[in-house]
There are 2 protein chains.
Amino acid sequence: MSCGEKLAEEIRGKGFRVTPQRGVILETIAHMGGHLSVPEVFSAARDRLPGLNITTIYRTLETLHRAGMVDLFYSGSGPTRFALRDPDQAHGHLVCSECEQVMDIDESLIAHLAEEVVRETGFSIDPHHLTLVGVCDDCLSEGKRRIS
Amino acid sequence: MSCGEKLAEEIRGKGFRVTPQRGVILETIAHMGGHLSVPEVFSAARDRLPGLNITTIYRTLETLHRAGMVDLFYSGSGPTRFALRDPDQAHGHLVCSECEQVMDIDESLIAHLAEEVVRETGFSIDPHHLTLVGVCDDCLSEGKRRIS
DNA sequence: CTAGTAGTTGCAATAGTTTGCATTAAGCAT
DNA sequence: ATGCTTAATGCAAACTATTGCAACTACTAG
Ligand SMILES: [Zn+2]
Ligand SMILES: [Zn+2]
Ligand SMILES: [Zn+2]
Ligand SMILES: [Zn+2]
């Protein structure tokens, strides 16, 4: 069973239909890996399934996101990016607004943050691809800008 | 001195030029208040200054953001929103991905979170309009969806 | 296997955002 | 006041994202 087929079974299990388009899109993002934009997924998936429309990519990724299989990742600049979720390892990102650098946050720190928020507010943060914007160590010490 | 003029002085102090467009845009967002989208600011500001181009709104808000006078607020759906920064009270938002509800986070909780992150990673989170996506108390107890 | 239902797709129109470039004008120095 | 320098604006085009609707098809029930 290919990884596309495995993912197809997973979305069927969540009550969504398995279509050729969804099969190809899942296969594509699984093989490309990483953090992809819709146009990137589109041009790769269209090669496997001519006639595929870019609207279908947007809608499929939204569906997969609601199904918990794909994460959104918006860094504050450029197009929104999507990534296949790794259920075993929830990572997040720190985006420096000065140098555009993107760092990873590891799972345990995210878990601590989420714990504090849920205790204070009752709100459960989604630990997958938690994205925080600020200023990195380097940029802060270079004094390019003070955050007020 | 109107609030628009006061803000104009502030951006001049940060090294940016004061133009009629910027004066009108500042006056407009100060009087409208709240969390505004670019199209909203545009249609209001254009009434005061005919000929104003929407591109100028985008660029001015980006400039004001870099100057620390305006915050970005992207909730994961709809257009990006902007708000005049209140330097005395940094608030943030919790966005429920189930019911679209937006709650406020108060400053002290944000300060705690930022402290934990900077201690672990050296990264300084911008406390203004910190926005976290997840599931609210109500939606979680109603079991509309489990977060994995 | 067949028919019905409802979720999904493609297409076109629309909305929101960014970029390049020529023109204009704010702030500064004389 | 006058001219210089460079930031800022307007405009057009490209890019990114969303929505409405008709046609289609995956799934289910019989
Ligand atoms: Zn940086
Ligand atoms: Zn990631
Ligand atoms: Zn909710
Ligand atoms: Zn706010």
Side-chain angles (χ1 to χ4, degrees), chain A residues 4-5 7-26 28 35-46 48-67 69-70 72-82 97 100, chain B residues 4-5 7-26 28 35-46 48-67 69-70 72-82 97 100:
Chain A
E5 285 166 343
L7 292 165
E9 282 311 309
E10 194 175 340
I11 87 170
R12 197 196 311 274
K14 304 213 180 194
F16 297 99
R17 293 187 183 170
V18 175
T19 65
Q21 289 86 345
R22 288 179 177 173
V24 165
I25 292 168
L26 284 166
T28 301
H35 302 78
L36 305 168
S37 69
V38 167
E40 284 166 1
V41 174
F42 177 55
S43 67
R46 188 181 37 184
R48 295 176 179 224
L49 189 67
L52 182 62
N53 193 283
I54 195 170
T55 306
T56 302
I57 313 283
Y58 281 104
R59 287 198 274 227
T60 298
L61 286 175
E62 165 63 19
T63 298
L64 294 172
H65 175 62
R66 274 185 298 159
M69 295 171 63
V70 157
L72 266 74
F73 165 58
Y74 180 62
S75 73
S77 69
T80 300
R81 292 185 169 275
F82 301 83
S97 56
E100 308 275 292
Chain B
E5 285 165 343
L7 291 165
E9 282 312 309
E10 194 176 339
I11 87 168
R12 198 197 310 276
K14 304 212 181 195
F16 298 100
R17 292 183 184 173
V18 175
T19 64
Q21 289 86 347
R22 287 179 177 176
V24 167
I25 292 168
L26 283 166
T28 302
H35 301 78
L36 306 168
S37 68
V38 166
E40 283 166 2
V41 174
F42 177 55
S43 67
R46 187 181 38 183
R48 296 176 178 222
L49 188 68
L52 181 63
N53 193 283
I54 195 170
T55 305
T56 302
I57 313 282
Y58 281 104
R59 287 198 273 228
T60 298
L61 286 175
E62 165 64 18
T63 298
L64 295 173
H65 175 60
R66 274 185 298 158
M69 296 170 64
V70 156
L72 266 76
F73 166 58
Y74 179 62
S75 73
S77 69
T80 299
R81 292 184 168 275
F82 301 83
S97 56
E100 308 274 292

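Throughout, a chain's letter reflects where its sequence line sits, starting with A, and its residues are numbered from 1.
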- Item | Estimated bend of the helix from dC1(C)-dG30(D) to dT30(C)-dA1(D) (axis per five terminal pairs, rounded to 10 degrees) | 30°

- Task: Starting from P on dT8(C), measure out to CD1 on Ile54(A) and report it in whole angstrom.
- Result: 20 Å

- Taking the side chain as C-beta and beyond, is there a heavy-atom pair between Phe82(B) and Leu72(B) under 4.5 Å? yes

- Report the residues that fulfil salt bridge (Lys or Arg N to Asp or Glu O under 4.0 Å) with Arg59(B), sequence neighbours left out, ordered by chain and then residue number. none

- Rounded distance in Å - CG (Leu61(A)) to P (dT8(C)): 14 Å

- May I ask you to say what Leu52(A) touches in the nucleic acid, namely base, sugar-phosphate or nothing, with a heavy-atom cut-off under 4.0 Å? sugar-phosphate

- Task: With sequence neighbours left out, write down each residue that passes ring pair (Phe, Tyr, Trp, His ring centres under 6.0 Å) with Tyr58(A), or none if nothing qualifies.
- Result: none

- Item | Test salt bridge (Lys or Arg N to Asp or Glu O under 4.0 Å) applied to Glu62(B) - qualifying residues, sequence neighbours left out | Arg66(B)

- Those residues that, when tested against Phe16(B), pass ring pair (Phe, Tyr, Trp, His ring centres under 6.0 Å) (two or more places apart): none

- Message: Suppose we screen for salt bridge (Lys or Arg N to Asp or Glu O under 4.0 Å). Which residues come up paired with Arg81(A), at least two apart in sequence or across chains?
- Response: Glu40(A)

Could you list all N or O pairs between the protein and nucleotides 14-16 of chain C that sit under 3.5 Å apart?
none

- Task: Nearest 0.5 Å please: distance from the CE atom of Met69(A) over to the CG atom of Leu61(A).
- Result: 11.0 Å

- Item | Between dA17(D) (C1') and Glu40(A) (CD): distance, integer Å | 16 Å

- With sequence neighbours excluded, residues passing salt bridge (Lys or Arg N to Asp or Glu O under 4.0 Å) with Arg12(B): Glu9(B)

- Task: Take the protein atom CZ of Arg66(A) and the nucleotide atom C1' of dG7(C), then report the distance between them rounded to whole Å.
- Result: 11 Å

Distances under 3.5 Å between protein N/O atoms and the N/O atoms of nucleotides 19-21 of chain D, please, pair by pair.
residue : atom : partner  : partner atom : Å
dG20(D) : O6   : Arg59(A) : NH1          : 3.3

- Shortest non-hydrogen contact between Val24(B) and Ala45(B), atoms and distance: CG1-O, 3.7 Å

Taking only distance into account, with no hydrogens and no angle test, what donor-acceptor pairs under 3.5 Å do side-chain atoms of residues 49-56 of chain A form with protein atoms, sequence neighbours excluded?
residue  : atom : partner  : partner atom : Å
Asn53(A) : OD1  : Thr55(A) : N            : 2.9
Asn53(A) : OD1  : Thr55(A) : OG1          : 3.0

- Message: Tell me if the aromatic rings of Tyr74(B) and Tyr74(A) count as close, with their centers under 6.0 Å from one another.
- Response: yes

- With the side chain defined as heavy atoms from C-beta on, Asn53(B) is closest, among dG10(C), dG27(C), dC11(D), to dC11(D)

- Between Ser77(B) and Arg22(B), who's closer to the 5' end of DNA chain D by nearest nucleotide? Arg22(B)

- Atom CG of Leu49(B) to atom P of dA8(D): distance rounded to whole Å? 17 Å

- Query: Any side-chain heavy atom of Ile57(B) within less than 4.5 Å of one from Gln21(B)?
  - Reply: no

- Heavy atoms only: give me the nearest Ala67(A)-Lys14(A) pair and the separation to one decimal. O-NZ, 2.7 Å

- Query: Does any residue of residues 13-21 of chain B have a heavy atom under 4.0 Å from DNA chain D, and if so, which ones, in number order?
  - Reply: Phe16(B), Arg17(B), Thr19(B), Gln21(B)

Show me the protein contacts with nucleotides 28-30 of chain D, counting only N or O atoms at under 3.5 Å.
none

- Nearest atoms (heavy-atom pairs only) where Arg22(A) meets Thr63(A): NH2-OG1, 4.0 Å

- Message: Let me spell it out: for each of Val38(B) and Ile25(A), pick the nucleotide of DNA chain C with the closest heavy atom. Which residue's pick is nearer the 5' end?
- Response: Ile25(A)

- Message: How long is the straight-line distance from CG of Leu36(B) back to OG1 of Thr28(B), given to the nearest 0.5 Å?
- Response: 9.5 Å

- Task: Report the distance from atom CZ of Arg46(A) to atom C1' of dC11(C), rounded to the nearest whole Å.
- Result: 15 Å

- Distance, rounded to the nearest Å, where Ile57(B) contributes CD1 and dC11(D) contributes P: 13 Å

- Taking side chain as C-beta onward, heavy atoms only, is Val70(A) less than 4.5 Å from Thr60(A)? no

